[in-house]
Amino acid sequence: MPGLCEPSPPCPATPAGLIPDDRPYDLLIIGGGINGTAIARAAALAGERVLLVERDDLAQATSSASTKLIHGGLRYLEHRQFKLVREALAERAILLRTAPHLVRPMEFRLPHAPSMRPWWMVRIGLYLYDLFAAGGGLPRSRAVPLDDAILAADHGTGFSYWDAWVDDSRLVVLNALGAAEAGADIQTRTRFVDAVRQGPVWRAALQTADNKVTVAARRVVNAAGPWVEQVLSNGLDRRGQYRIRLVRGSHLILRRQLPHHHALILQQPDRRIIFIIPYQGDWTLVGTTDFAVDDPSDNRISAQETAYLLAAANRYLRDPVGQADIVGDFAGIRPLFDDGRDEASAVTRDYRLELDADGPPLLSVFGGKLTTARHLADMVLGRLGINGGDTSALPLPGGDMADFDMFRQAARCRWPFLDGQTLDRLAGAYGTRLERWMQGAGTIADLGIDFGHGLSQREVDYLVQTEWARSSDDILWRRTRLGLRFDAGQVARLDAYLREQAP
């Protein structure tokens, strides 16, 4: 099995520096979220010299604050967004094949609520969902009795259908890693300041931690997510044709654990739906809201949203949940393409690409979603006239395996000194790349310092050297998802180690 039996090549080093501006990049990408990193990967594989700049950490904003789903969007059918659903379901199938360690099938149960949508309407919607997903490898939907112990007695019938779950921030990091291994220069903690057209190139000013540098690029892609309009107006002196709607999606993490492995999708009187999803083994994720905001940085859940999510769950639960059950929360700002609809929940989750070809090309991305980022990258390359870069059959780093369960079992045999919870986390996060930093480890002592909850010195060193991690937040909240488990003392110890190792 790849990564478990054969020696692995050395880990790629994080690019050391920027190319001077007298050697233009083919493509400068602004933004290190899912869209920016997917575009970087595709363009680098197409043979382009790529520079991606991110002012913070990879996936630090919207792309680490999703509902963690790879899905077609069942509710989008109600708004007749058939093209988006079909495209997203095709991408779901691709991700299940190319990232089987990271993207996992998940069953969803939908209690029937006749006062909200009649039985025939839901059944037709699920039939269309199955039709669009044909050949995707997941079971078809069906009517089922709902015997979930947590549901109130009057929610005893409903439907079952399948979608997929993902660790969103790791999906971003793996796209960036794939881009870097194909030759892209990924620079985090590097802020795009501004750029001007000069002849055949853009001259872009970038602010790093140490100084201000200038680079040249033949094309620029503005994939700044919620900041796409700010980058256009403040950094590029442009006003785009399209507009975005900033919509906050908030989530609660509850200590209450679902007594099963499937998720619930719950209809609400306002015709929205809420997901209740098993999360990290010990908790339950409840989300999401659609709350219009004006500021891309307004990413804190409000008391109003907290009350809404608790009430939404309690409409269906036998035993109510409340403030005492909340162990954490998070919120992200979705930069939705403004299609003119009044209700935020009805605004399209599709994207638009705006190309300014008045000189060296500038392409701006408006909207998009986690599931369709790979397809969006294909469309970006096409609009820019870049041939190649097809990633539909290329595994993401660590995804070169036939079957994840077989891989996980082989990993347990290879490293029996790891506890089951830690091994499952590592196998899911790194896939076959686990061998790259576990190679030669025969005992737990070989992994160095134990920072707690299975996070070892060897893993931390790998994340710093290879995955652009710099701080404890990068590691605990966006690389390993161990943040909820660490106490203040453990975080301080990790911070101290990172300071000692910093160049």
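Note that the structure is predicted; figures quoted are calculated from it, not measured.
In this structure, the ring pair (Phe, Tyr, Trp, His ring centres under 6.0 Å) partners of Y430, at least two apart in sequence or on a different chain, are W437, Y462. Partners of F275 according to the ring pair (Phe, Tyr, Trp, His ring centres under 6.0 Å) rule, which considers only residues two or more places apart in sequence or in another chain, are F108. For R271, the side-chain contact (heavy atoms from CB on, under 4.5 Å) test picks out E78, R117, M121, with sequence neighbours left out. F330 is linked by a ring pair (Phe, Tyr, Trp, His ring centres under 6.0 Å) to H251, counting only residues two or more places apart in sequence or in another chain. Contacts of R334 classified as side-chain hydrogen bond (donor to acceptor under 3.5 Å, both in side chains), with partners at least two apart in sequence or in another chain: D290.
We find that E354 and R352 are not joined by a salt bridge, their nearest charged nitrogen and carboxylate oxygen being 4.0 Å or further apart. Classification of R248 and E305 as a salt-bridged pair holds, one side-chain N sitting under 4.0 Å from a carboxylate O.
Within the 3.5 Å criterion, the main-chain N or O of T422 finds a donor-acceptor partner in the side chain of D419. Between the side chain of D474 and the backbone N or O of A469, no donor-acceptor pair lies under 3.5 Å. The backbone N or O of V172 lies less than 3.5 Å from no partner atom in the side chain of N175, so there is not a single donor-acceptor pair. Distance alone, capped at 3.5 Å, is enough to place a donor-acceptor pair between the T288 side chain and the S250 backbone.
For the salt bridge (Lys or Arg N to Asp or Glu O under 4.0 Å) criterion with E467, the lone passing option out of R478, R170, R436 is R170. Checking each of R256, R255, R485 against D282 for a side-chain hydrogen bond (donor to acceptor under 3.5 Å, both in side chains) leaves exactly one that passes, namely R485. A side-chain hydrogen bond (donor to acceptor under 3.5 Å, both in side chains) with D168 is found for one member of S64, S63, S66 and no other, namely S66. Results of the side-chain contact (heavy atoms from CB on, under 4.5 Å) test with L264 over V286, I150, L146 single out I150 as the only residue that passes.
Residue F82 qualifies as enclosed at atom CZ: its count of foreign heavy atoms under 6.0 Å is above 12. Few gaps surround CZ on R318; more than 12 heavy atoms of other groups in view lie less than 6.0 Å from it.
Remark: R55 is positioned above the aromatic ring of W227, its terminal NZ or CZ atom under 6.0 angstrom from the ring centre and at most 45 degrees off the axis.
What you find for D130 and S141 is that their closest heavy atoms are OD2-OG, 2.6 Å. The two residues A133 and R92 come nearest to each other via the heavy atoms CB-NH2, 3.4 Å. Between G72 and D163, the shortest heavy-atom contact is N-OD1, 3.7 Å. Pairing each heavy atom of I301 with each of A331, the nearest pair is N-CB, 4.0 Å.
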Residues 378-388 side chain polar contacts: donor-acceptor under 3.5 Å, at least two apart:
unit_1: D378; atom_1: OD2; unit_2: R374; atom_2: NH1; d: 3.0
unit_1: D378; atom_1: OD2; unit_2: R374; atom_2: NH2; d: 3.4
unit_1: R383; atom_1: NH1; unit_2: L353; atom_2: O; d: 3.2

Using side-chain hydrogen bond (donor to acceptor under 3.5 Å, both in side chains), reason through R315 and Q268 one step at a time and then give a plain yes or no.
CA-CA 8 Å; R315 283 191 181 92; Q268 301 300 317; 2.6 Å; yes

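Counting only heavy atoms from C-beta outward, the side chains of L336 and I244 never approach each other to under 4.5 Å.
Here Y351 and F366 keep their ring centres 6.0 angstrom or further from each other.
Using bins of under 30°, 30° to 60° and over 60° for the plane-to-plane angle, the ring pair H260/H262 lands in the parallel bin. Ring geometry for Y76 versus H71: interplanar angle of 30 to 60°, hence tilted.
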